[in-house]
Amino acid sequence: MKEKVLNNKKNGMPMLLLFTALYLAAIALVIVSGIQLDAGRIGFVPLMILGILWLLVGWVPFCGLKVLKPQEALVLTLFGKYIGSLKEDGFYFVNPFCVAVNPAAKTKLNQSGDVDAGSGSALLNAALSKNAEAAAEMPSKKISLKAMTLSNSRQKINDCLGNPVEIGIAVIWKVTDTAKAVFHVDNFKEYLSLQCDSAVRNIVRIYPYDVAPGVDTTGDGVADEGSLRGSSELVAQRIRDEIQQKVEDAGIEIIEARITYLAYAPEIAAVMLQRQQASAIIDARKMIVDGAVGMVEMALERLSENHTVELDEERKAAMVSNLLVVLCGNRDAQPVVNSGSLY
């Protein structure tokens, strides 16, 4: 299905004035004909009938008047046949029997333009819900061409190591081809939401949550340091590309995809926290030991250079042991004063 944009229908205002004038003329014709018939002039009967007929059917042409605001579109069909789309803002007149088609008009997703504003008082929320119910009874058939933000619910997915993680994404998208969006898929909003869920699962299971040895995330057969936490930009780009491939036939363009939430699943979060803490403690201990050994070596070298004291190997070993205990201990050392001789 190829989109056909109707640009030659921006004659709504002249047609509105014409139909209004004809309707007023029909009213005047009925009134004048009635007066003349009361006067016994039978020749005004056809004019009376014509005026009454126009009053009965004169409202039909008004159904062909369409108003579009910027970044809105209407997909029109005539007796089931696609005749074109209105995509520019303006006042249009089309065939009164044309029907606007938008199968996703009643679909409400967790996205901009489809949800009420966040928090508020109970009275305000009640009023908004009543207005939403009233608006739901007559959904608009217009298709928004604006950039929309879809925020799907968080998903629990196993990463490449089998660890369950929770992830949420926000996808910025817009409709670029109204004919494909309406006629190629049943409901383009639901279709997009399902493709987002599928793409997230396909990409997340390729990566580990943290950098892991021996894991190939690029598919080139070489282990790399890709991870969900450390390569979030790359992961989001791959998710965006995956979604774009799936929704190309639906006339949708994916502008950007972003990871909005990433964490281990609750059932494994505590264990992984202990693992991270243990790793951090080990790294800190390594740094402390490296620093302590350097300080001990420096102390022995300075003592030897200045000939402050001569120590044999046994005394050096005892000094190294004492210094390492002092420098690597978790608590402050308690000094012991030796009042005797060195030996």
Side-chain angles (χ1 to χ4, degrees), residues 1-12 15 60-115 135-152 169-202 239-257:
M1 180 69 67
K2 186 176 181 180
E3 184 183 47
K4 181 170 62 175
V5 180
L6 302 176
N7 294 322
N8 57 346
K9 302 293 184 179
K10 287 188 179 182
N11 49 3
M15 301 305 291
V60 175
F62 287 95
C63 297
L65 298 173
K66 309 292 183 183
V67 178
L68 286 183
K69 294 180 289 187
Q71 297 297 316
E72 287 184 344
L74 273 178
V75 178
L76 302 176
T77 60
L78 181 61
F79 303 120
K81 181 180 179 180
Y82 172 64
I83 63 171
S85 301
L86 305 177
K87 297 185 71 173
E88 296 182 2
D89 57 297
F91 194 12
Y92 294 85
F93 175 75
V94 297
N95 192 320
F97 297 100
C98 287
V99 178
V101 181
N102 183 7
K106 295 183 179 180
T107 303
K108 302 297 180 183
L109 300 177
N110 187 23
Q111 63 182 23
S112 58
D114 280 342
V115 294
E137 296 177 357
M138 297 181 62
S140 174
K141 296 296 184 179
K142 297 177 181 178
I143 298 176
S144 177
L145 302 179
K146 302 175 184 178
M148 304 284 286
T149 303
L150 170 64
S151 180
N152 269 13
I169 64 167
V171 178
I172 302 175
W173 65 281
K174 67 178 180 179
V175 176
T176 56
D177 192 312
T178 56
K180 288 183 178 180
V182 171
F183 298 114
H184 280 200
V185 294
D186 182 57
N187 187 317
F188 63 89
K189 289 184 179 180
E190 293 181 354
Y191 182 78
L192 173 63
S193 179
L194 292 175
Q195 294 302 329
C196 289
D197 292 343
S198 175
V200 171
R201 289 187 176 275
N202 291 338
I239 292 175
R240 183 258 174 205
D241 295 339
E242 178 86 6
I243 300 173
Q244 183 63 67
Q245 293 178 3
K246 301 296 184 181
V247 300
E248 190 70 33
D249 290 338
I252 296 174
E253 178 188 354
I254 306 300
I255 301 174
E256 188 180 11

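Note that the numbering runs from 1 along the sequence shown for the chain.
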[X]: which residues meet the side chain to side chain donor-acceptor pair (under 3.5 Å) condition with it, sequence neighbours left out?
{"X": "Q245", "value": "none"}
{"X": "N187", "value": "T107"}
{"X": "E190", "value": "none"}
{"X": "D249", "value": "none"}

Interatomic distance, [X] atom [atom1] to [Y] atom [atom2] [nearest 0.5 angstrom]:
{"X": "D177", "Y": "F183", "atom1": "CG", "atom2": "CZ", "value": "10.5 Å"}
{"X": "K246", "Y": "N202", "atom1": "NZ", "atom2": "CG", "value": "7.0 Å"}
{"X": "E3", "Y": "Y82", "atom1": "CD", "atom2": "OH", "value": "5.0 Å"}

Can you tell me which residue pairs pass the salt bridge (charged side-chain N to carboxylate O under 4.0 Å, His left out) test with a partner in residues 95-104, sequence neighbours excluded?
-> none
Can you check whether [X] reaches [Y] side chain to side chain, under 4.5 Å on heavy atoms?
{"X": "W173", "Y": "R240", "result": "no"}
{"X": "V94", "Y": "I83", "result": "no"}
{"X": "L192", "Y": "I254", "result": "yes"}

Looking at [X] and [Y], what are the two nearest heavy atoms and their distance?
{"X": "P96", "Y": "P61", "result": "CG-CA, 3.8 Å"}
{"X": "A199", "Y": "E242", "result": "CB-CG, 3.3 Å"}
{"X": "M15", "Y": "L65", "result": "CB-CD2, 4.4 Å"}

Name all pairs fulfilling the side chain to side chain donor-acceptor pair (under 3.5 Å) condition that reach into residues 89-98, sequence neighbours left out, sorted by first residue then second.
-> none
Could you note down all residue pairs passing side chain to side chain donor-acceptor pair (under 3.5 Å) where residues 191-200 supplies at least one of them, sequence neighbours left out?
-> N152-S193, N152-D197, Q155-D197
side-chain contact (heavy atoms from CB on, under 4.5 Å) partners of [X], counting only residues at least two apart:
{"X": "V101", "value": "T77, P103, V182"}
{"X": "E248", "value": "Q244"}
{"X": "K142", "value": "L68, E72, L74, S140"}
{"X": "L145", "value": "Q71, A73, K87, V175, T178"}

Would you say S85's side chain and V5's backbone share a donor-acceptor pair under 3.5 angstrom?
-> no
Name all residues meeting the salt bridge (Lys or Arg N to Asp or Glu O under 4.0 Å) criterion together with K10; count only those two or more places apart in sequence or in a different chain, and write none if there are none.
-> E88
F97, CZ atom: more than 12 neighbouring heavy atoms under 6.0 Å | no
Crowding at CG, N8 (>12 non-hydrogen neighbours, <6.0 Å) = yes
